[in-house]
Amino acid sequence: MRGGRVWLFGDDIDTDALAPGAYIKQPIEVLARHCLETVDPDFAAHVAAGDVLIAGRNFGMGSSREQAAEALKVLGIAAVLAESFAGIFYRNALNLGLPALVLPKDQRAGIGAHDRVTLDPATGRVKLAQGTERQAEPVPAGLLPMLAAGGLVPHLENRLKGASA
Amino acid sequence: MTLAEKIIARAAGRDRVTPGEVVTCAVDLAMIHDSGGPRRVKPILERLGVGVWNPDRVVVATDHFVPVFDAQTRQIQNLTREWVKAQAIRAYYEEQGICHVVTPERGHLKPGLFAVGGDSHSPTGGAFGAYMFGVGSTEMAGVLATGEIWIKVPETILIEWSGAFGPGVMAKDVMLFLCGRMGMDGGRYQAVQYAGSAIGALAMPERMTLANMTAELGGQTGLIAADDVTGDWLMRHGAQGVEIDPWRFDPTAPAHERHRFDAATLAPQIAAPHSPANAAAVGEFAAVTPHVAYIGACTGAKLDDLRAAAAVIGDRPLAKGVELLVAPASVRETERAQDEGVMAVFERAGARILPSACGICAGYGDERLAAGTVCISSTARNFKGRMGDATSQVYLGSPLSVAAAAVAGRIIDPREVMA
Ligand code: SF4
């Protein structure tokens, strides 16, 4: 289980907002300080480890730059829940070990900004502070080992080691 | 099987595949650029203790941090050059133009290919009947290490345009219209395929624009089945081992979603800030007076785009208060545009010619739109703050519409200027 406070965002959050081009050549820690600043200037400064980002449709649309997912991870975001994801962002997030779960609109109802939640990426169960639960679609079973390993690189490392052992 | 299924089945070593199933495919070609490429994949490959699986299947082009403008960008280009050499990659194109234009121009694409690119506009390869899609750097490192990638077999969304597009209407207008109609996720990360008589009549560069902007529709790839136009173009660009017949359009293949439009009814489109989906007919934007007109990007500055823009400008001067910037998509396209006198038209009008690179489209360089700038641009995306300050306002249009605005001083239907 992971958890923290909720940061709420709308539909069509794009990769230029998540990872602004002007900072793309900087180290990820620098870039991350500008993550989402054009949408919510408070976000990067106030987000804490374990917090959860909840958004609407088509989260992460646009560029293939994986710094969009990496910045969220560096800021401590434990998981991104969205009504839907842009395809490249979704793959990038899981490849980097950042859980990305589909949270249908009806399951988002009643979750407010800064509410406390905990969630389990394997089952998709989201627990709200007042004790009620929401159900996100779990991460596909085939991708869980990669997510558990921490992403594609450690997963491949294990596989390549396994092959040579 | 649909074209997408045929290519994926071949790459997966299977007789057939069904939408929804997850298969592992052998990658025929991997394309990377200076931003998402060597500087990010090198540390991962080192950590894994491997090199690229097959240097002859890798294409590297530098375009995002071009030209270099500080110590960091210089270091990125040095790293890129050294890594390419160490990996014995021969297809290295340094400052030759934008990867999506350089890769086919140098004969690396052909129908039936299963290819990945380290850039979201990689669906451009679909114009040649290749299944090509964009991935992030970590996933690209996985491809470079193993030569494989998993894919969920997509459904095919068939978009048919019957009849013929009218004068003044370009592929860019088609895509802005579709973004407005279907939304930025209308492609559902499936395979979008374009067909119909109006599409068949388009030259390759225009088809590339359609496939390219499938990224804005949220499709995984954008395909156009091979035909004689594809074959002729590839022959002229030195592609080897091209087969057309196995990858032609099959009208009996079952599409999972179908959209039909009449090409004759489409008017030039403009997308208002800050989304390509904010599209409407050009006539609705007559009150907009841009400071900057930008002809650039993989989607809007190929030779045909430059020709179209130059034809509108003719010997007209730029309108007062408008700066025209032209960043041709590749060095080769620039040379041809020079030979044809197209570049001279821009120069005579007072345009500033920029290097053949991503430039202001990526917003990665030292030249970005200043606060409050109103810009009309032939690029693919107008997300807030992408091309410059968060207060800049970018309107997207075809190269014809950008050129028309540059001489009129306001957004105007290019057909009025062409008349
Ligand atoms: S020109 Fe623009 S859209 Fe094309 S690859 Fe470069 S940054 Fe991306």
Side-chain angles (χ1 to χ4, degrees), chain A residues 11-18 20-28 34 37-39 41 56-70 83-97 140-143 146 151-161 163-164, chain B residues 22 35-36 39-40 43-44 47-50 64-65 70 72-73 75-76 117-122 133-142 145-146 149-150 152 154 183-185 187-190 215-216 218-220 274-275 277 361-365 368 381 383-390:
Chain A
D11 294 339
D12 289 332
I13 296 295
D14 66 74
T15 46
D16 284 275
L18 286 158
Y23 308 100
I24 206 86
K25 62 188 171 68
Q26 307 289 351
I28 190 67
H34 301 277
E37 68 185 2
T38 55
V39 188
R57 278 171 54 167
N58 203 22
F59 187 82
M61 72 168 180
S63 163
S64 64
R65 62 185 77 163
E66 67 185 10
Q67 291 94 328
E70 198 180 8
E83 205 181 316
S84 66
F85 290 92
I88 304 180
F89 177 90
Y90 181 76
R91 291 182 77 121
N92 283 344
L94 296 175
N95 281 328
L96 290 166
L143 295 173
M146 180 175 85
L152 180 65
V153 177
H155 184 61
L156 275 178
E157 235 174 356
N158 295 343
R159 196 179 111 185
L160 294 173
K161 263 188 227 138
S164 62
Chain B
V22 173
S35 180
R39 74 175 179 124
R40 292 187 64 89
I44 300 176
R47 181 168 161 193
L48 295 173
V50 296
H64 277 63
F65 297 115
D70 63 5
Q72 260 174 323
T73 48
Q75 195 213 335
I76 290 169
D119 189 277
S120 61
H121 285 103
S122 300
F133 60 107
V135 297
S137 304
T138 297
E139 185 140 47
M140 180 55 81
T146 64
I149 192 166
W150 66 267
K152 188 169 165 187
M184 297 291 287
D185 54 358
R188 299 188 285 112
Y189 204 51
Q190 307 299 315
E216 277 54 56
Q220 187 180 41
H274 297 286
S275 169
C361 176
Y364 286 6
R368 289 168 51 84
R381 289 185 180 140
F383 300 152
K384 190 175 180 183
R386 174 180 172 88
M387 294 176 72
D389 191 88

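Proteins get letters first, then strands, A, B, ... in listed order; numbering begins at 1 in each.
- Looking at B/Arg39, only its side chain comes within 4.5 Å of chain A, counting heavy atoms on both sides.
- Note: B/Tyr364 OH to A/Arg65 CZ = 3.5 Å, rounded to the nearest 0.5 Å.
- Taking both residues in full, the closest heavy atoms of A/Ser63 and B/Ser120 are given as CA-OG, 3.5 Å, listed atom of the first, atom of the second, then distance.
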Worked verdict on A/Ser84 versus B/Asp185 for side-chain contact (heavy atoms from CB on, under 4.5 Å): CA-CA 9 Å; A/Ser84 66; B/Asp185 54 358; 4.2 Å; yes

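- Heavy atoms closer than 4.5 Å to chain A are found in the side chain of B/Arg368, but not in its backbone.
- Your options are A/Asn92, A/Ile24, A/Leu152, and the one with the most heavy-atom pairs under 4.5 Å with chain B is A/Ile24.
- Distance CD/A/Glu70 to OG/B/Ser137: 8.5 Å, rounded to 0.5 Å.
- Of the listed residues (B/Gly134, B/Ser35, B/Gly218), the greatest number of heavy-atom pairs within a distance under 4.5 Å of chain A belongs to B/Gly134.
- Looking at A/Ala22, the atoms closer than 4.5 Å to chain B (heavy atoms on both sides) sit in the backbone and in the side chain alike.
- If you measure heavy-atom distances from A/Leu96 to chain B, the contacts under 4.5 Å come from the side chain alone.
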Audit row: B/Thr73, A/Lys25, side-chain contact (heavy atoms from CB on, under 4.5 Å) steps and yes/no: CA-CA 8 Å; B/Thr73 48; A/Lys25 62 188 171 68; 3.8 Å; yes

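- For B/Gln72, the CD atom sits in a packed shell: over 12 heavy atoms of surrounding residues, nucleotides or ligands are nearer than 6.0 Å.
- In terms of non-hydrogen atom pairs under 4.5 Å with chain A, the most contact-rich of B/Gly363, B/Gly136, B/Gly49, B/Gly187 is B/Gly136.
- For chain A, the nearby part of B/Ile76 is the side chain; its heavy atoms alone come within less than 4.5 Å.
- Residue A/Pro154 touches chain B through both its backbone and its side chain, counting heavy-atom pairs closer than 4.5 Å.
- To the nearest 0.5 angstrom, B/Asp119 atom CG is 8.0 Å from A/Ile88 atom CD1.
- The line from CG of A/Asp16 to CZ of B/Arg381 is 7.0 Å long, rounded to the nearest 0.5 Å.
- Judged purely by distance below 3.5 Å, without hydrogens or angles, the side chains of B/Tyr189 and A/Arg91 never pair a donor atom with an acceptor atom.
- Proximity to chain A (any heavy atom under 4.5 Å) is restricted, for B/Asp70, to the side chain, taken from C-beta onward.
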- prompt: side-chain contact (heavy atoms from CB on, under 4.5 Å) between B/Thr146 and A/Arg159: does it pass, once the steps are laid out?
  reply: CA-CA 11 Å; B/Thr146 64; A/Arg159 196 179 111 185; 3.9 Å; yes

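- Options A/Glu66, A/Gln67, A/Gln26 differ in how many heavy-atom pairs under 4.5 Å they form with chain B, and the most are formed by A/Glu66.
- Summarising the geometry of A/Val153 relative to B/Ile44, their closest heavy-atom pair is CG2-CG2, 3.4 Å, with the distance given to 0.1 Å.
- Of the atoms belonging to A/Ile28, not a single heavy atom falls under 4.5 Å from chain B.
- Heavy atoms of B/Glu139 lying under 4.5 Å from chain A belong to its backbone as well as its side chain.
- In this structure, chain B has a heavy atom under 4.5 Å from the side chain of A/Asp12, while its backbone stays farther away.
- No other option in B/Arg40, B/Arg188, B/His121 has as many heavy-atom pairs under 4.5 Å with chain A as B/Arg40.
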